[in-house]
S.K.: 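Structure incoming, see below.
These numbers come from the heavy atoms of this one structure, side chains and all, not from hydrogens, waters or symmetry mates. Every chain is numbered from 1 and lettered A, B, ... according to where its sequence line falls, protein lines coming before strand lines.
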Protein chains: 2
Amino acid sequence: MRLVAPALSILVLSSSCASMPPCPAPAPAPNRRAEIEAFNRAMIEATTRMDDAGIVALWEDDGVTLLPQAKPIAGKKAIAAFIAQVTEANPGAKMRSFEMTCSGIEIAGDVASEYCDEHQVVDIGGDKPPFDGRGKLLFVLHRGADGSWRLRREMWNQGSE
Amino acid sequence: MRLVAPALSILVLSSSCASMPPCPAPAPAPNRRAEIEAFNRAMIEATTRMDDAGIVALWEDDGVTLLPQAKPIAGKKAIAAFIAQVTEANPGAKMRSFEMTCSGIEIAGDVASEYCDEHQVVDIGGDKPPFDGRGKLLFVLHRGADGSWRLRREMWNQGSE
């Protein structure tokens with residue numbers, strides 16, 4: 001996912017045209033909330049597709065994920081290795097559905113946080129019943145120099161019905 | 001806990017004295033990391049004392065805690081009610097030890113995050129063995145207008161040995 005930063009050409013045009021009406025409307029203020037909603041959609045889409053590379057791309061290089069009964073997994077490489085390990089351990093798995101609803105987006109400059117409910121149904125393969133699980137997530141996001149929001153910190157725990 | 005903001009009188013003195021040596025040293029830049037370490041110590045001390053009011057005081061009015069197998073608990077009043085309920089349900093409980101070690105303090109203006117390991121041993125009372133549990137925490141903190149850092153968001157999950 002690549003989020004679009006305000007085009008420099010438009011900003012230059014706006015500032016040089018102040019004394020030359022009719023002047024185009026100023027560039028709109030960036031909608032950080034919409035950017036984070038786009039991040040959430042990208043996470044939902046990559047998870048639904050079981051697109052491991054797509055999920056890893058949504059992490060910062062020095063992101064940290066905090067999973068139950070495990071030590072913190074720090075760094076994009078370690079997170080990628082962990083995701084690959086889960087995929088390898090479940091060769092027949094197929095995501096039947098993945099839903100994630102986030103609340104409470106709060107933004108301070110280039111840092112944001114939000115918390116989400118997730119519900120996933122995964123066909124395990126063979127004659128096993130599907131895995132049907134619910135969880136909650138707390139995300140700390142960071143907006144990089146390229147204008148993209150990525151995961152900096154994530155914790156998951158068990159959800160309620 | 002009240003953290004000390006730079007005294008306004010010192011700042012005023014510094015700026016008015018620039019051309020009048022000997023001038024006192026300028027006020028030091030506030031050490032936000034030290035403030036957050038003080039927050040952590042206050043949380044450890046209140047938890048160790050089982051000081052429910054002290055714990056609640058470390059929350060923002062609209063803080064949210066995210067506990068396993070539960071819906072988000074939003075707002076200081078709801079968090080206080082939840083803590084009181086846990087205390088009532090365990091009348092003989094006494095904290096034998098509580099340790100919390102935090103890592104990765106990151107500060108952006110008035111917002112910060114960090115993650116922590118905790119280990120608690122609680123005497124349950126009667127002839128029951130003590131509860132000995134480990135967990136991880138992800139904190140999002142906010143610095144209020146009064147200069148105090150408080151919990152804005154918290155998630156807990158199970159730790160590892």
S.K.: Would you mind telling me which of B:Gly109, B:Ser160, B:Pro72, B:Ala74 has the largest number of heavy-atom pairs within less than 4.5 Å of chain A?
M.R.: B:Ser160
S.K.: Using the rule that two of Ile, Leu, Val, Met, Phe, Trp, Tyr join whenever any of their side-chain heavy atoms come within less than 4.5 Å, decide whether A:Val121 and A:Ile44 are in one cluster.
M.R.: no
S.K.: Counting heavy-atom pairs closer than 4.5 Å to chain A, which one of B:Lys136, B:Gln158, B:Gln69, B:Arg153 comes out on top?
M.R.: B:Arg153
S.K.: At a heavy-atom separation under 4.5 Å, does A:Arg134 approach chain B through its side chain, its backbone, both, or neither?
M.R.: neither
S.K.: With rounding to the nearest 0.5 angstrom, report the CD to CG distance, A:Glu154 to B:Leu138.
M.R.: 9.5 Å
S.K.: Quick check: is B:Tyr115 connected to B:Met100 through a chain of hydrophobic side chains (ILVMFWY, heavy atoms under 4.5 Å apart)?
M.R.: no
S.K.: Are A:Ile79 and A:Val64 grouped together when hydrophobic residues (ILVMFWY) are joined by side-chain heavy atoms under 4.5 angstrom apart?
M.R.: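 Cluster IDs for A:Ile79 and A:Val64 differ.
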S.K.: Which is it for B:Glu106 and A:His142 under the side-chain contact (heavy atoms from CB on, under 4.5 Å) test, yes or no, and what are the steps along the way?
M.R.: CA-CA 11 Å; B:Glu106 290 187 349; A:His142 180 250; over 6 Å; no
S.K.: Hey, could you give me the CE/CG distance between A:Met155 and B:Leu66, rounded to the nearest 0.5 Å?
M.R.: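 Reported value, rounded in 0.5 Å steps: 10.0 Å.
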S.K.: Tell me, out of A:Gly159, A:Gly135, A:Ala108, who's got the most heavy-atom pairs with chain B below 4.5 Å.
M.R.: A:Gly159
S.K.: Does A:Asn157 use its side chain to pair, donor to acceptor, with the backbone of B:Trp156 at less than 3.5 Å?
M.R.: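 Yes.
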S.K.: Count the heavy-atom pairs under 4.5 Å between each of A:Asp110, A:Val111, A:Leu67, A:Val140 and chain B, then report the option with the highest count.
M.R.: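 Heavy-atom pair counts peak at A:Leu67.
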S.K.: May I ask whether A:Phe131 and A:Leu137 are part of the same hydrophobic cluster, defined by side-chain heavy atoms of I, L, V, M, F, W, Y residues being less than 4.5 angstrom apart, directly or through others?
M.R.: yes
